[in-house]
Amino acid sequence: MSDFELLDPSGLPVGGGTGANGTADDPLVDGLNPAQARAVTTRGPALLIVAGAGSGKTRVLTHRIAHLIREREAWPSQILAITFTNKAAAEMRERIEGLLGDASQGMWVSTFHSACVRILRREAERFGYVSGFTIYDSADSRALLKRIIKELDADTYGFTPANSGSKISKLKNELVDAATHAATMNENDPRERLFVEIFRMYEQELKRANAFDFDDLIGQTVHLFRSHPDVAAIYQRRFRHILVDEYQDTNHAQYSLIRELTRPIEPEEVERLVPPARERELDASGRIPAASLTVVGDSDQSIYAFRGADIRNIVEFERDFSGAEVVKLEQNYRSTQNILSAANAVIGNNFDRQEKRLWTSEGDGERIVGFTGYSQHDEARFVAEEIEDLHRAGVAYSDIAVFYRTNSQTRALEELLIRSAIPYRVLGGTKFYERAEVKDAMAYLTSIANPYDPIAWSRLLGAPKRGVGAMAEAHLANFQEANGLSFHEAMLRAEEVTAIGPKIRATVRGLGEMLVRASRMAAGGGATDVAGEDAVPAPVGDVMKLVLDETDMIEKLRAKRDPQDDARAENLEELLAVAREFDVKQPGAGLLAFLTEVSLVAAADDLDDSSGTVSLMTMHTAKGLEFAAVFITGVEEGLLPHQMSVDEIGGINEERRLMYVGITRARERLYLTLASTRATFGDVSVAMPSRFLQEIPEGLIDWRQSPGEVTGRGGTASRALNAPRSPGSNGSWSRTRTDSTVSFSGGGGGSGSAAVSEPASGNMQSALDKWRERKRLAKEAQASGGGFPNLVDGSVRDNGDLELATGDRIRHDEYGDGRVTGISGSGTKRIAHVVFDTVGERKLLVKLAPIEKVVE
DNA sequence: GCGAAGTATTCGCGG
DNA sequence: AATACTTCGC
């Protein structure tokens, strides 16, 4: 242990013992280690707190804020603290209130998105939006993109709502809008021009709908600040201390937002301030100085590059914000040394990082447990059994978590947990608010708040089924647009749309009247139009009740036979309960606040510490959380690291950080599990152990069943736990099967090899390499055997107006020669039906298929 | 316009 | 393997 203590930089004589400079009896500083104390008391324009996992950063942040307020350096209202989830925000607020009592009223503690919505709702009118704007989630964005792509016929070029959506999201995270992107694109590429058109229409439609997507929330706030310095000045003046948690996962837009908020206010803007600036707000040159910025982060835990997080934000912080000070927290108060050693070993393989080692003074603890099942089912069984054992040993279910890389891994786990009667809950995944029936009901509320939203309107028209279909919808939408009406107004005047049958016209008008009535109620006009009634907005629960009653949604579901519909009906009742609960928690907050809250819930927000259940979640969701016992499942090549990451620049390193995040969530017990076969796309394939397992010193892992011990379908070769394994040096060993040799260094139980040598021995390496080689060959064989035709190569083919007729001979890159037996479709979607000489009949998109005509 | 039946696609992580 | 989308008959 003493070895590790030498690594503690904060132990060096900087502050000299606990409690720096005259703060000896300060409850906000007492009990902190010297580095933490410095992080709390340091003042200046900018501070970077490099906080390793479990180093007490939340404590430091809350104490720093409390310290600022208590020392009268700031009013609570001058503090803006940004956290990663709403739950973390609520927790932080609570802890600060615990330290200060009521003195903390008025702070902004929220996520980036929540803070921006708050600002945008306040300032929307200044730039062409209305305060009641809708926030589109990714499903809404995709619905909108789907319409646009259809209209532009862009699907034949391979554009889908999903791929164009993620491309737009990436650009927005870089603060690039359609016009800017158009200026930088390659004009000669028709695909790029088409994309710009999609992007442009998407922006236009969002604006027409009075809606923002998730990325807009940040980007438009930055845009607002840049185009309206007077608005920016309001917030620059107000927030004197800005603190950002998880800074390593901020993207460019978020970074820019922070930059805007920490700009000094120039004298000409100072003059326009209302109320006028006081003398003591100004510096010598007549400016209001920049707010003080504190960021907390750990570049080793940056795991959101895929949504634009830029690790440079934290790496270059000191260069970026002049006068920045840095405090490093490396002492870990969470995990045992064995867990930390594993974490250090894994992350140490990332060459592009600053050296940093977590340490603890708490002792080694238990060894990490490893297990390899022969299938994911077998793996899940082990997890369930171990959870039972842990629970019997006194570990609370709520202190146990199971992590995985992809959401699809939950199925096998859930199955076994149900069978074992272990209470669990899945965080994220198919969320409550993403369920179809819940989205249906929410569409009514969204439309009530924003009658210009076409996505919500279109959704509510069809749910429940009432005979209003695509035709009627299109006619109404035309009428709405032509007359510049809201969708509600258009519905009230449905009688004028003669293209629709009279029965449906009446249905639509009735529905419109209901929506208008609900809108008036939600706005405070009262549902009954009684003159003189106070303009008090109705509780959200009442509006929801009105919608559910009038549409009969619940009863219609109950009337169906399908048992799943009963569950759907219950979900709607649950939704009503959620709305009522919201009314109690935030009386008078109104419909908009409810919609905002629902839009911005994150996966980790569902976590309820008192639920008494085991938590299942992805490793991304697990960031910032901790549990006594953690299972990391599916530690296999192709899954962790994920296959998709292998070809990405820095992809493996990011996966390694993800592994590091997962490991460091564990306090006492860590389990690493995998399966030797895994079902994907319906068929079963061989899975190899993750390279990250190799990176953990073998002495740290107690293999209950190592990868080499698992034979194929036949189950296991040996269930004996910790059976000392034969010969082989360093506790590695091998098993011979009839067809091939499979070996893996398994640190076979307690065979005592204490050699914690980092580099794998040549023997183990080659064994793993052989395994990989075998797998690679199998893959290639499958691919060349026709299993994966038409592999995407990135280039876009265009046969132009290749004329094909029945009877023509053609040659296909993959299928060889064949004869056209028919042509269907038209324009860009023309399809050739071809019977190939070797592979039989195929349908091909004439425009894009890799074919050429053969002259006979 | 709606449901059933057949067909294509997906399983990468999230606010 | 399971879901999402399309096509077809009423």
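Letters A, B, ... mirror the listed sequences (proteins, then strands); counts begin at 1. Computation of the quantities below employed the complete heavy-atom set of this structure, encompassing side-chain atoms and omitting hydrogens, waters and symmetry-equivalent molecules.
Spacing between atom CZ of Arg142(A) and atom C1' of dA4(C) amounts to 12 Å, rounded to whole angstrom units. Distance, Ile303(A) CD1 to dC13(B) P: 13 Å, rounded to whole Å. Taking atom CE of Met617(A) as the reference point, atom C1' of dG14(B) lies 15 Å away to the nearest angstrom. Between the C1' atom of dC13(B) and the CG atom of Leu639(A) lies a distance of 12 Å, rounded to the nearest Å. What separates CZ of Phe214(A) from C1' of dC13(B) is a distance of 15 Å, to the nearest Å. Going from atom CE of Met659(A) over to atom C1' of dG12(B) covers 17 Å, rounded to whole Å. What separates CG of Leu427(A) from P of dG15(B) is a distance of 10 Å, to the nearest Å. Atom C1' of nucleotide dG15(B) and atom OH of Tyr136(A) are separated by 17 Å, given to the nearest angstrom.
Taking for each of Leu658(A) and Gly469(A) the nucleotide of DNA chain B with the nearest heavy atom, the 5'-most of the two is the partner of Gly469(A). Nucleotides of DNA chain B nearest to Val601(A) and Val468(A) differ in position, and the one nearer the 5' end is that of Val468(A).
With hydrogens and angles ignored, no donor-acceptor pair under 3.5 angstrom links the side chain of Glu473(A) to the base of dG1(B). Between the side chain of Asp215(A) and the base of dG15(B), at least one donor-acceptor pair of N or O atoms lies under 3.5 Å.
Taking the side chain of Lys146(A) as heavy atoms from C-beta on, and the options dC5(C), dC13(B), dC11(B), the nearest nucleotide is dC5(C). Here the nucleotide nearest the side chain of Met644(A), chosen from dG12(B), dC13(B), dC2(B), is dG12(B). The side chain of His113(A) approaches dG15(B) more closely than any other nucleotide in the set dG15(B), dC2(B), dG14(B). The Arg405(A) side chain lies nearest to dC13(B) when the options are dG15(B), dC13(B), dC2(B). For Asn407(A), the side-chain atoms get nearest to dG14(B) when compared with the rest of dG14(B), dG1(B), dG15(B). Between dG15(B), dG14(B), dA2(C), one nucleotide has an atom nearer to the side chain of Arg411(A) than all others, and that is dA2(C).
The phosphate of dG14(B) has OP1 or OP2 within less than 4.0 Å of a side-chain N or O from Thr618(A). At dG15(B), none of the side-chain N or O atoms of Ser599(A) fall inside 4.0 Å of OP1 or OP2 (strictly under the cut-off).
Contacts of Gln254(A) with the nucleic acid, taken as non-hydrogen atoms under 4.0 Å apart, are absent. Counting non-hydrogen atoms under 4.0 angstrom, Met471(A) reaches the backbone sugars and phosphates but no base. Heavy atoms of Glu655(A) sit under 4.0 angstrom from at least one base atom. At a threshold of 4.0 angstrom between heavy atoms, the contacts of His642(A) are confined to the sugar-phosphate backbone, with no base atom among them.
dA4(C) sits 15 Å from dC13(B) when the P atoms are compared, rounded to a whole Å. Rounded to whole Å, the C1' atom of dT6(C) lies 23 Å from the corresponding atom of dC11(B).
Judged as a side chain to side chain contact (heavy atoms under 4.5 Å, CB included), and not counting sequence neighbours, the contacts of Leu261(A) are Leu80(A), Phe225(A), Tyr235(A), Phe239(A), Ile242(A), Leu257(A). Scanning for ring-ring contact (aromatic ring centres under 6.0 Å, His included) contacts around Tyr404(A) gives an empty result, with sequence neighbours left out.
Aromatic pair Phe403(A)/His620(A): centroids not less than 6.0 angstrom apart. Between Phe112(A) and Tyr255(A), the distance separating the two ring centers is not shorter than 6.0 angstrom.
The side-chain ring of Tyr304(A) is not stacked on the base of dC13(B), judged by centre separation under 5.5 angstrom and plane angle under 30 degrees.
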Original post:
So what is the 5' to 3' dot-bracket string for DNA chain B, if pairs are Watson-Crick or G-U wobble with both distances under 3.5 Å, crossing pairs use [ ] and | means the partner sits on another strand?
Top reply: ||||||||||.....

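Thr134(A) contributes no side-chain N or O that, together with a main-chain N or O of Tyr136(A), makes up a donor-acceptor pair within less than 3.5 Å. A distance-only check finds a donor-acceptor pair linking the side chain of Asn86(A) to the backbone of Leu600(A) [under 3.5 Å].
Separating the CH2 atom in Trp457(A) from the OG1 atom in Thr446(A) is a distance of 15.0 Å, to the nearest 0.5 Å.
Ring geometry, Phe212(A) versus Tyr129(A): the interplanar angle falls under 30°, so the pair is classed parallel (tilted spans 30 to 60°).
Checking Ile500(A), Val497(A), Val468(A) one by one against Val508(A), the side-chain contact (heavy atoms from CB on, under 4.5 Å) holds for a single residue, Val468(A).
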